[in-house]
Participant: 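Pasting a structure here, questions to come.
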Amino acid sequence: MEMRRLPFLAGVSAAVLAPAVGVAAEMTPRPDRAAEMVRSEFLHAWNGYKLVAWGRDEVRPVSGTAHDFFIPGHSFGLSIVEALDTLYVMGLDDDLARCTRWIVDNLSFDVDGEVQMFETNIRMVGGLLAGYYATGEKRLLEIAHDLADRLLPCFTKSPTGAPYRFVNLRTGAVREPKMNLAEIGSNILEFGDISRLTGDPRYLNASLRAYEAVIAKRSPLNLLATYFDIETGEFTSPEDVAPNDPADSFYEYLWGGWQMLGLQQCHNWYRMLTDAILAHSVDRANGELWFATVDYRTGEKIGHTQSELAAFYAELVAKGGDRQVGSDYYDAFTTVLRRYGIIPEGFDYRTLEVTEDRGNQLRPEYVNASCDLWFLTQDQKYRDTAWSYFTAMRDHCRVANGYTVVKDVTTRPMTLGDYTPAYAFAENFKYLYLMFATTPRFDPSTYYMSTEGKLLRGLVR
Ligand code: DMJ
């Protein structure tokens, strides 16, 4: 692990770097000014990564060290791959060229090490595809294709078709049949695109089989539980946490299978399962709309925790046609944003009190919803609330060498960690930028983003 300590941060605690509390709400600037400010903050974070951790997966900006995301002791330049299409839409062409060069010269997945299929797919396969669309560099597509081949044994070695959780990139050995919905389903966009680009149907078929294996086990109420054993083909416990994690992007990718890939089957599944979620899981507390954890067999409400990760669902359900639900769910999360400044990882929606995890991992889900809902409705409320999200992130998570996660959103100043998750380069800043920028490089009428914010449609070259 690289231990390059930043001289200007030596001996300074993270809390000292946080701004004073009680930051007044800022008026949303003119769109071009807002886009410029977002771009400048992206560069602040990005330059921190380049300075300290270039070529490594992720940066720890406070200590000035690096972090290997997939395999301890081996980095794949994750932040570089995550940033590609963001650099493109922001017009940072020199950086994009440098990243592309680095990938072509250095990135190989022929490694005797085990990776988590879901994370590797949404971050690396998706990132390389978006990078290919941004640059036209065929090598990026070849590497994505090679990686998809290395992930495929998770599906082909499974007796049910639902994937194993881990795979050795070199040997294809698979491990861990205990899975969850998000990790089973969130691959049809990337695998479907690889099939489309290569003419090889195996990837798309693997994703469809995985969905079939789980959806076949739905209850008579058309609800799914959350945890699934891919060897026995059965759910391992009855709780249905949708749209909270780890069910979240299972549903997001069904809609994507329809909207991006045109698969009618995905539309039918999405509609059937979403109707059941809306019928059984919607709960109202203090006038706000939330989603309860339910028993998938009976629909009985058995839990009242909401995860920050579920905030994206406001845009998904609206895109799927349930616009009022989307708007109400977004407003509910806005209440939590206003209360804490930064939405905690989890809270009880009846009281809005934080649950056990008091932090925030520099999460993008709320502003993911703002972005898609803005393009869907053109309602100014989404720009204004996204701006509140941005100013809070800037005021609380900005450190001298980048942006960092929060360990406790309830302390003042907020207690900070020391980590820039690579998805911040793919998601938070991109969503914000696109909402305000005018750029010929992005087509709002055709775009489609993956769960990791990868622009798999809508980049214009
Ligand atoms: C990202 O990797 C993706 O958005 C994923 O679907 C959920 N979690 C993170 C960001 O919070």
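Values in this document were obtained by computation on a predicted structure and should not be read as measured data. Atoms within a ligand are numbered from 1 in the order they appear, just like the ligands themselves. If you read the sequence from its start, that first residue is 1, and numbering goes on from there.
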Participant: Would E427 count as a contact of ligand 1 if the rule is a heavy atom under 4.0 Å away?
Facilitator: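 It does, in that a heavy atom of E427 comes within the 4.0 Å cut-off of ligand 1.
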
Participant: Have a look at ligand 1 and work out which part of L309, if any, has a heavy atom under 4.0 Å from it: side chain, backbone, both or neither.
Facilitator: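 The part of L309 near ligand 1 is the side chain, not the backbone.
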
Participant: So which heavy atom in the protein is nearest atom 4 (O) of ligand 1, and how far is it from that ligand atom?
Facilitator: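 Heavy-atom neighbour on the protein nearest atom 4 (O) of ligand 1: T451 O, 2.8 Å.
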
Participant: Going by the order shown, which atoms of ligand 1 are within less than 4.0 Å of some heavy atom of R123?
Facilitator: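 Near R123, meaning under 4.0 Å from one of its heavy atoms, ligand 1 has 2 (O).
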
Participant: Heavy-atom count around K50 NZ within 6.0 Å, excluding the residue itself: above 12?
Facilitator: yes

Participant: Using a 3.5 Å cut-off on N or O atoms only, is D248 in polar contact with ligand 1?
Facilitator: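 No; the residue has no nitrogen or oxygen that sits under 3.5 Å from a nitrogen or oxygen of the ligand.
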
Participant: Got a salt bridge between E345 and R363, using NZ or NE/NH1/NH2 to carboxylate O under 4.0 Å?
Facilitator: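 A salt bridge links E345 with R363.
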
Participant: Do R338 and T385 come within less than 4.5 Å of each other through their side chains, counting heavy atoms only?
Facilitator: yes

Participant: Test of understanding: with salt bridge (Lys or Arg N to Asp or Glu O under 4.0 Å), list the residues that count as partners of E137, not counting sequence neighbours.
Facilitator: none

Participant: Which atoms from ligand 1 have a heavy atom of P364 less than 4.0 Å away?
Facilitator: 10 (C), 11 (O)

Participant: Can you confirm whether the side chains of Q361 and Y423 place a donor and an acceptor under 3.5 Å from each other?
Facilitator: no

Participant: Atom 1 (C) of ligand 1: which protein heavy atom is closest, and how many Å away?
Facilitator: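 I find the closest protein heavy atom is E452 OE1, 3.0 Å.
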
Participant: May I ask whether E308 places a heavy atom under 4.0 Å from ligand 1?
Facilitator: no

Participant: Are any of the N or O atoms of S249 closer than 3.5 Å to those of ligand 1?
Facilitator: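 Between S249 and ligand 1, no N or O pair is found under 3.5 Å apart.
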
Participant: Quick one: do R196 and D193 make a salt bridge, cutoff under 4.0 Å?
Facilitator: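 Here R196 pairs with D193 in a salt bridge, since their nearest N and O are under 4.0 Å apart.
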
Participant: Look at atom 7 (C) of ligand 1 and say which protein heavy atom is nearest, naming residue and atom and giving the distance to 0.1 Å.
Facilitator: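 That would be E365 OE2, 3.7 Å.
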
Participant: Could you check whether D331 pairs with K381 (Lys NZ or Arg NE/NH1/NH2 to Asp/Glu carboxylate O, under 4.0 Å)?
Facilitator: yes

